Colleague: 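So that we are looking at the same thing, I have put the structure below in structure tokens.
First listed ligand is number 1; within each ligand, the first listed atom is number 1. The analysis underlying the following values was restricted to heavy atoms, covering all of them including side chains, and did not include hydrogens, waters or symmetry mates. Since we're looking at a predicted model, the values are computed, not measured.
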Amino acid sequence: MRKPFIAGNWKMNKVVEQATSYADTLTELVKKEGIDHDKVDIAICAPYLFLSALKVIFLLRGIDVGAQNLHYEDEGAFTGEISAKMLHDIRVECCIIGHSERRKYNGETSEECAKKVKAAIMYDIRPILCVGETLEERESGNHLEVVKKMLLESLHNVTGAEMVKTVVAYEPLWAIGTGKTATTEQAQEMAAYIRSVIAEKYGKDVADRVIIQYGGSVKSSNIKELMEQEDIDGALVGGASLDPEEFIKIIKYDPDIVCKNVKMIPINRNK
Ligand code: PGA
């Protein structure tokens, strides 16, 4: 069984005081709402600057801390970069890799993403590998091929054992920050296709275990419908994750996620 995984992507937002007060509020809300950590994985992917502070607040609260990028080398002359080794050192649990904004504005290639996925797993960091097509590519009917190519190149040299630990986030570029969500049919079609591409490369057993998220204008009003789709196991939430009150509504998209006896223990992903 695949455990749902809801991750917030703050992008380049907030300052330290806002980040810590958000974390305090979210921690309270998760407790107050009785979120059952056996039923959902939660993460906040924040700017590097806040990661240590978030780790302290979220410690043993069942909320993972994620970065938004990493460097695949352990150390060296890479000014301005942060390595998987460094993130591991402060116990960061996950990391977004190959987000479309990084591919677009920082020229990040799928080849680099593949190295980043491997580096993350080597340091026990759960990679959230992003793939998605532009509006032009969708309208020309090439979206499946485009995503397949991006996915396979971003998984170059990634083994089956590593694949099982990798989360794939399908984020159509035309739905990011636009308020325009893919229809549930479009999101499910691509998620199922991504799973079939993984099955072709790694076998069905591996593909059945991979968590596939949808991302692109996810909010409390559309999360339930998206999560009901067979191949969608979670969401990568940008804008709507910036407000803890909205984010908690997304986390508890299903009444089953709430339990009476709140467990304040770290989450178990192997369920
Ligand atoms: P959005 O961003 O939810 O604001 O559309 C999603 C993302 O870029 O991860």
Colleague: Using only heavy-atom distances, determine whether the side chains of Arg103 and Ser110 contain a donor-acceptor pair under 3.5 Å.
Modeller: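 Looking only at side-chain atoms, Ser110 and Arg103 do form a donor-acceptor pair, the distance falling under 3.5 Å.
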Colleague: Hey, which of Val92, Ile44, Ile82 is the one that makes side-chain contact (heavy atoms from CB on, under 4.5 Å) with Leu51?
Modeller: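 That would be Val92; it is the only one of Val92, Ile44, Ile82 passing the side-chain contact (heavy atoms from CB on, under 4.5 Å) with Leu51.
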Colleague: Compute whether any side-chain donor of one residue and acceptor of the other, for Asn157 and Lys115, lie under 3.5 angstrom apart.
Modeller: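 Lys115 and Asn157 do not have a side-chain donor-acceptor pair below 3.5 Å.
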Colleague: Only one of Arg209, Lys3, Arg195 clears salt bridge (charged side-chain N to carboxylate O under 4.0 Å, His left out) with Asp233; which?
Modeller: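 By the salt bridge (charged side-chain N to carboxylate O under 4.0 Å, His left out) criterion, Asp233 pairs with just one of Arg209, Lys3, Arg195: Arg195.
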Colleague: Give one line per pair: atom of ligand 1, protein atom, distance. Only N/O to N/O under 3.5 Å.
Modeller:
unit_1   : atom_1 : unit_2 : atom_2 : d
ligand 1 : 2 (O)  : Lys11  : NZ     : 3.3
ligand 1 : 3 (O)  : Ser217 : N      : 3.4
ligand 1 : 3 (O)  : Gly238 : N      : 2.9
ligand 1 : 4 (O)  : Gly239 : N      : 2.8
ligand 1 : 5 (O)  : Gly177 : N      : 2.6
ligand 1 : 5 (O)  : Ser217 : N      : 2.7
ligand 1 : 8 (O)  : Lys11  : NZ     : 2.7
ligand 1 : 8 (O)  : His99  : NE2    : 2.7
ligand 1 : 9 (O)  : Asn9   : ND2    : 3.3
ligand 1 : 9 (O)  : His99  : NE2    : 3.2
ligand 1 : 9 (O)  : Glu171 : OE1    : 3.3
ligand 1 : 9 (O)  : Glu171 : OE2    : 2.7

Colleague: If you count the non-hydrogen atoms of other residues, nucleotides and ligands that lie under 6.0 Å from CD in Gln18, is the total more than 12?
Modeller: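 Check passes, neighbour count above 12.
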Colleague: I'd like to know whether CD of Glu111 has more than 12 heavy-atom contacts from other residues, nucleotides or ligands below 6.0 angstrom.
Modeller: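 Counting other residues, nucleotides and ligands, CD of Glu111 stays at 12 neighbours or fewer.
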